**Student:** 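Input: one structure, supplied below.
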Amino acid sequence: MQALPNLLTLSRIFAVPILVGLLWPAEQGHEWRTGYSLAFLLYCLMGITDYFDGYLARAQGTVSRLGVFLDPIADKIMVGAVILMLTATRDIDGVHIIAALVILLREIAVSGLREFLAGLQVSVPVSRLAKWKTTFQLIALGALILGGALPEWAFVHQTGVVTLWAAAILTLLTGWGYLRVGLKHMD
């Protein structure tokens with residue numbers, strides 16, 4: 001059964017190009033809203049598989065090295081692709097690009113830091129605050145996608161923007177925590 005959690009993780013990676021295609025800038029019309037609607041459904045499905053791949057692996061005691069390696073990569077690919085597409089479509093624009101950039105830069109920096117620390121055999125567990133960051137981040141991006149499908153419901157987009165900033169603030173706080181741990185191990 002170790003294969004099922006890994007297949008769920010891989011399905012998220014393979015779904016990213018489809019998600020990008022659904023969000024690809026097009027004429028704002030019926031087709032455009034359908035793409036956003038389908039993108040929102042796919043995004044939710046990807047979130048569900050993210051939950052279940054980890055849950056199944058832990059519940060069955062079949063956590064694999066491949067899964068530990070692929071899961072954060074799948075998450076970062078999805079988040080990065082969605083942020084880039086929502087910026088390209090101007091669903092994230094103006095000053096809000098700063099919040100998106102903070103999230104992207106932190107994801108890259110923490111990945112590099114984790115790789116560096118792994119070489120030193122230092123493990124950095126995910127904090128509770130980092131889990132909240134991820135939750136706000138996923139809600140923000142989901143709301144921004146849904147806001148594209150339902151532009152007449154401005155509060156959906158606004159919810160996405162507010163939670164994007166909340167995620168960015170938590171991103172800075174958790175990123176600083178990881179950096180502090182990393183600096184202790186650097187010469």
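Everything numeric in this text was worked out from a predicted model, so none of it was measured.
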**Student:** Given side chains that start at C-beta, do those of M46 and V16 come closer than 4.5 Å, heavy atoms only?
**Tutor:** yes
**Student:** Out of curiosity, L19 CG to L41 CG, how far, rounded to the nearest 0.5 Å?
**Tutor:** 11.0 Å
**Student:** In terms of heavy-atom contacts, does OH of Y178 have more than 12 from other residues, nucleotides or ligands at under 6.0 Å?
**Tutor:** yes
**Student:** If only atom types and distance count, is the side chain of Y43 paired as donor or acceptor with the main-chain N or O of M78 below 3.5 Å?
**Tutor:** no
**Student:** If I take atom OG1 from residue T163 and atom CD from residue Q158, how far apart are they, to the nearest 0.5 angstrom?
**Tutor:** 9.5 Å
**Student:** Which pair of heavy atoms, one from P17 and one from I13, lies closest together, and at what distance?
**Tutor:** CD-O, 3.6 Å
**Student:** In a check of side chain to side chain contact (heavy atoms under 4.5 Å, CB included) between I145 and each of V156, L86, T89, which one passes?
**Tutor:** L86
**Student:** Between atom OG1 of T9 and atom CG of L66, what is the distance when rounded to the nearest 0.5 Å?
**Tutor:** 8.0 Å
**Student:** With sequence neighbours excluded, give me every salt bridge (Lys or Arg N to Asp or Glu O under 4.0 Å) pair touching residues 150-178.
**Tutor:** R33-E152
**Student:** Hey, could you give me the CZ/NZ distance between R106 and K76, rounded to the nearest 0.5 Å?
**Tutor:** 6.5 Å
**Student:** Does the side chain of D71 reach to within under 4.5 Å of the side chain of R12, using non-hydrogen atoms?
**Tutor:** yes
**Student:** To the nearest 0.5 Å, how far apart are CG in L70 and CG in L8?
**Tutor:** 12.0 Å
**Student:** Return the minimal non-hydrogen interatomic distance between F136 and A166, and the atom names on each side.
**Tutor:** CD2-CB, 3.9 Å
**Student:** Same cluster or not: L172 versus I139, using hydrophobic residues (I, L, V, M, F, W, Y) connected whenever any side-chain heavy atoms lie under 4.5 Å apart?
**Tutor:** no
**Student:** Which atoms form the tightest heavy-atom contact between A168 and V102, and what is the distance?
**Tutor:** O-CG1, 3.7 Å
**Student:** Less than 4.5 Å apart, side chain to side chain, heavy atoms only: is that true for I98 and W165?
**Tutor:** yes
**Student:** When hydrophobic residues are tied together by side-chain contacts of less than 4.5 Å, even through go-betweens, does I73 share a cluster with L141?
**Tutor:** yes
**Student:** Within a reach of under 6.0 Å around CH2 of W132, are more than 12 heavy atoms found that belong to other residues, nucleotides or ligands?
**Tutor:** no
**Student:** Please round to the nearest 0.5 Å and tell me the distance separating atom OG1 of T159 and atom NE2 of H157.
**Tutor:** 10.0 Å
**Student:** Taking all atoms of both residues into account, what is the closest heavy-atom pair of S37 and A149, and its distance?
**Tutor:** OG-CB, 3.4 Å
**Student:** I92 pairs by side chain to side chain contact (heavy atoms under 4.5 Å, CB included) with which of L84, L101, V82, T87?
**Tutor:** T87
**Student:** Are L144 and F155 connected into the same hydrophobic cluster when the rule is that any two of I, L, V, M, F, W, Y join if their side-chain heavy atoms are below 4.5 Å apart?
**Tutor:** yes
**Student:** Evaluate the side-chain proximity of M85 to L22: yes if any heavy-atom separation is below 4.5 Å, no if none is.
**Tutor:** no
**Student:** Check for me, please, whether I169 and V162 land in the same ILVMFWY cluster - side-chain distances under 4.5 Å, paths through other members count.
**Tutor:** no
**Student:** When clusters are formed by joining ILVMFWY residues with side-chain heavy atoms under 4.5 Å apart, either directly or through shared neighbours, do L146 and W153 land in the same one?
**Tutor:** yes
**Student:** Using the salt bridge (Lys or Arg N to Asp or Glu O under 4.0 Å) criterion, which residues pair with K131? Sequence neighbours excluded.
**Tutor:** none
**Student:** Quick one: are T174 and V110 in side-chain contact, heavy atoms under 4.5 Å?
**Tutor:** no
**Student:** Where do L56 and P5 come nearest, in terms of heavy atoms and distance?
**Tutor:** CB-CG, 4.0 Å
**Student:** Side chains of N6 and D53: does their closest heavy-atom pair fall under 4.5 Å?
**Tutor:** no
**Student:** I need the minimum non-hydrogen distance between A100 and I83, along with the two atoms involved.
**Tutor:** CB-CG2, 3.6 Å
**Student:** What do the steps show when you test T134 against V79 for side-chain contact (heavy atoms from CB on, under 4.5 Å), and what is the final call?
**Tutor:** CA-CA 10 Å; T134 301; V79 167; over 6 Å; no
